[in-house]
Asker: 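Structure in structure tokens, see below.
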Amino acid sequence: MTDLRVRFAPSPTGMFHVGGARSALFNWALAERSGGRFVLRIEDTDAARNRPEWTEGIISALAWLGISGDSPYFEGPYFQSAFEEQHRAAVAKLLADGKAYHCDCTREDVKARTGSEFQGYDGYCRDRGLSEGVVRFRTPDEGVTVVEDKIRGRVEFPNDALEDFAIARGDGSPLFVLANVVDDMEQRITHVVRAEEHLSNTPKQQLLWAALGAAPPIWAHVPVIVNEKRQKLSKRRDKVALESYRDEGYLAEAMVNYLMLLGWGPGGDREIMPWPEMVELFRLEDVNPSPAFFDERKLRAFNGEYIRALPVEEFTERCLPWVRTIPGFDREVFAKVAPLAQTRVTVLSEVTGNVDFLFLPEPVFDQGSWDKGMKNAPVEILTGYAERLATVEWTADALKTALEEVGAAHGLKLGKAQAPVRVAITGRTVGLPLFESIEVLGRERSLARVRAALERLGA
Ligand code: GLU
């Protein structure tokens with residue numbers, strides 16, 4: 001047990017972003033490794049943009065990743081809105097100490113004075129002794145504020161480039177930059193590990209820590225996540241919601257593993273690793289500050305590996321939320337083909353399309369697959385195979401030999417002869433191994449499907 005205390009402080013203003021998930025995991029790894037605490041703080045002070053369902057979404061998405069109150073390292077959730085009194089007290093203290101002041105300037109006032117474009121606040125009200133209006137923090141005029149960042153090293157911010165930034169609105173309500181610091185202070189946070197986009201807030205926040213009489217935490221700003229065009233992932237353009245990956249049937253453990261590698265690696269070329277090992281190896285110092293590429297194809301490949309590593313019973317179980325939605329679903333029948341599906345899919349939702357033909361009264365045909373499957377002597381093959389299906393020994397091997405023979409009689413190799421049969425039976429041109437599928441489907445239903453296909457072909 002150490003006194004390391006990290007936090008994850010999302011604002012509940014939208015779907016839970018994969019970047020947020022990555023920050024949460026880095027913090028979680030640190031807490032677990034050191035036996036410290038991970039504080040979940042919901043920054044819900046932007047009443048206009050918050051919604052309770054986003055908060056619930058965050059909590060359930062974190063739990064899916066394994067971050068929850070079931071662990072001794074978890075603390076919270078705390079809600080920022082509950083601490084407004086402390087935020088206001090901090091503002092009052094800064095005002096009383098002369099480290100902050102009221103200001104009644106509008107943007108236009110400042111523009112009119114400084115002439116050009118708005119370049120930040122010009123400090124006009126610093127010594128006017130107002131007792132109302134926006135509260136601004138008095139930033140130093142000279143020198144530099146040095147942020148020591150565990151990932152980026154030393155980052156210098158010249159103080160003359162820092163405006164006297166606002167810490168509370170005209171109605172007294174505290175602003176993010178202050179509330180965030182006061183909460184970190186009250187919650188005795190030792191390490192602030194968060195998104196790179198907050199680096200620009202950090203000199204201001206570090207000044208606030210000092211002005212409130214406390215030593216700042218250790219800072220670490222994790223790299224931005226980009227798409228294949230090197231653009232920052234955005235919710236309008238990219239698939240960023242963790243929930244959408246969960247719903248598509250990515251396994252949490254694959255997702256965790258992949259997200260941990262966005263900006264971090266244990267060195268060498270090892271990538272697939274169980275969580276305890278990542279916890280053991282994770283160091284903030286080893287996080288790379290340059291943008292991390294979110295490569296969904298790679299994530300898919302990871303997921304496929306994780307799926308194949310599952311014990312088959314567990315795979316079967318974990319497919320249930322998807323396959324259960326197939327009308328006529330039967331768990332025992334599914335258990336027979338699950339091992340075949342397990343070697344083929346990369347996300348669990350794909351299993352549905354691979355096995356639904358077993359449960360539906362008839363397969364779902366799409367015209368493209370039908371046309372593709374019915375290219376080579378379909379009537380001859382299906383007619384010949386229907387005859388064999390009526391009497392053949394009901395094993396995958398015998399079913400295969402029978403089709404080989406029917407194909408040979410029409411000059412077709414098995415691969416070509418399979419195509420019309422596969423479409424007739426499953427509705428698709430690719431899928432699970434055909435003869436095992438027919439075996440599970442059963443003689444009656446298989447025969448009925450082959451005959452129905454012949455009818456469709458007008459034979
Ligand atoms: N609530 C802020 C956000 O969601 C987090 C700020 C922080 O981590 O310090 O971006």
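In this text the structure is predicted, and so the values were computed from the model without any measurement. Both backbone and side-chain heavy atoms feed into the values below; hydrogens, waters and symmetry mates do not. All ligand and atom numbering here is 1-based and tracks the order in the structure.
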Asker: For ligand 1, does Phe176 get within less than 4.0 Å through its side chain, its backbone, both, or neither, judged by non-hydrogen atoms?
Answerer: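 Under 4.0 Å from ligand 1, Phe176 contributes side-chain atoms alone.
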Asker: Closest non-hydrogen protein atom to atom 10 (O) of ligand 1, residue and atom name please, with distance?
Answerer: His198 NE2, 2.7 Å
Asker: Using a heavy-atom cut-off of under 4.0 Å, does the side chain or the backbone of Ser11 touch ligand 1, or both, or neither?
Answerer: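 Both of them.
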Asker: Does a salt bridge link Arg126 with Asp141, judged by any charged N lying under 4.0 Å from a carboxylate O?
Answerer: yes
Asker: With no hydrogens and no angle check, is any side-chain donor or acceptor of Asn303 less than 3.5 Å from a backbone partner on Leu299?
Answerer: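 Checking the backbone N and O of Leu299 against the side chain of Asn303, no donor-acceptor pair under 3.5 Å is found.
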Asker: What do you reckon, is CD of Glu85 surrounded by more than 12 foreign heavy atoms closer than 6.0 Å?
Answerer: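 Counting neighbours around CD of Glu85, 12 or fewer heavy atoms of other residues, nucleotides or ligands fall under 6.0 Å, so no.
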Asker: For ligand 1, which atoms have a heavy atom of Pro10 less than 4.0 angstrom away?
Answerer: 4 (O)
Asker: Within a distance under 4.0 Å of any heavy atom of Arg7, pick out the atoms of ligand 1 and give their elements.
Answerer: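 Those of ligand 1 that fall under 4.0 Å from Arg7 are 7 (C), 8 (O), 9 (O).
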Asker: Got the closest protein heavy atom to atom 5 (C) of ligand 1, with its distance?
Answerer: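 Going atom by atom, the protein heavy atom closest to atom 5 (C) of ligand 1 ends up being Ala9 O, 3.1 Å.
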Asker: Could you list the atoms of ligand 1 found under 4.0 angstrom from a heavy atom of Asn180?
Answerer: 6 (C), 7 (C), 9 (O)
Asker: Taking distance alone, no hydrogens or angles, what donor-acceptor pairs closer than 3.5 Å link side-chain atoms of residues 319-329 to residues at least two apart or in another chain?
Answerer:
from   : atom 1 : to     : atom 2 : distance (Å)
Trp322 : NE1    : Asp247 : O      : 2.9
Thr325 : OG1    : Trp322 : O      : 2.6

Asker: Taking the six-membered ring of Tyr124 as reference, does the cationic atom of Arg113 (NZ for Lys, CZ for Arg) lie under 6.0 Å from its centre and within 45° of its axis?
Answerer: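 Flagged: Arg113 positioned over aromatic ring of Tyr124.
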Asker: To the nearest 0.5 Å, tell me how far Leu441 CG sits from Lys336 NZ.
Answerer: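 Separation between the atoms: 10.5 Å.
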Asker: What do you reckon, does Glu197 have a nitrogen or oxygen under 3.5 Å from a nitrogen or oxygen of ligand 1?
Answerer: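 So ligand 1 has no N or O lying under 3.5 Å from an N or O of Glu197.
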Asker: Could you give the side-chain donor-acceptor pairs of residues 352-362 under 3.5 Å, partners two or more places apart or in another chain?
Answerer:
from   : atom 1 : to     : atom 2 : distance (Å)
Thr352 : OG1    : Ser349 : O      : 3.4
Asn354 : ND2    : Glu350 : O      : 3.0
Asp356 : OD1    : Arg428 : NH1    : 3.1

Asker: Heavy-atom contacts with Glu43 under 4.0 Å: which atoms of ligand 1 show up? List them by number with element.
Answerer: 1 (N), 2 (C), 5 (C), 6 (C)
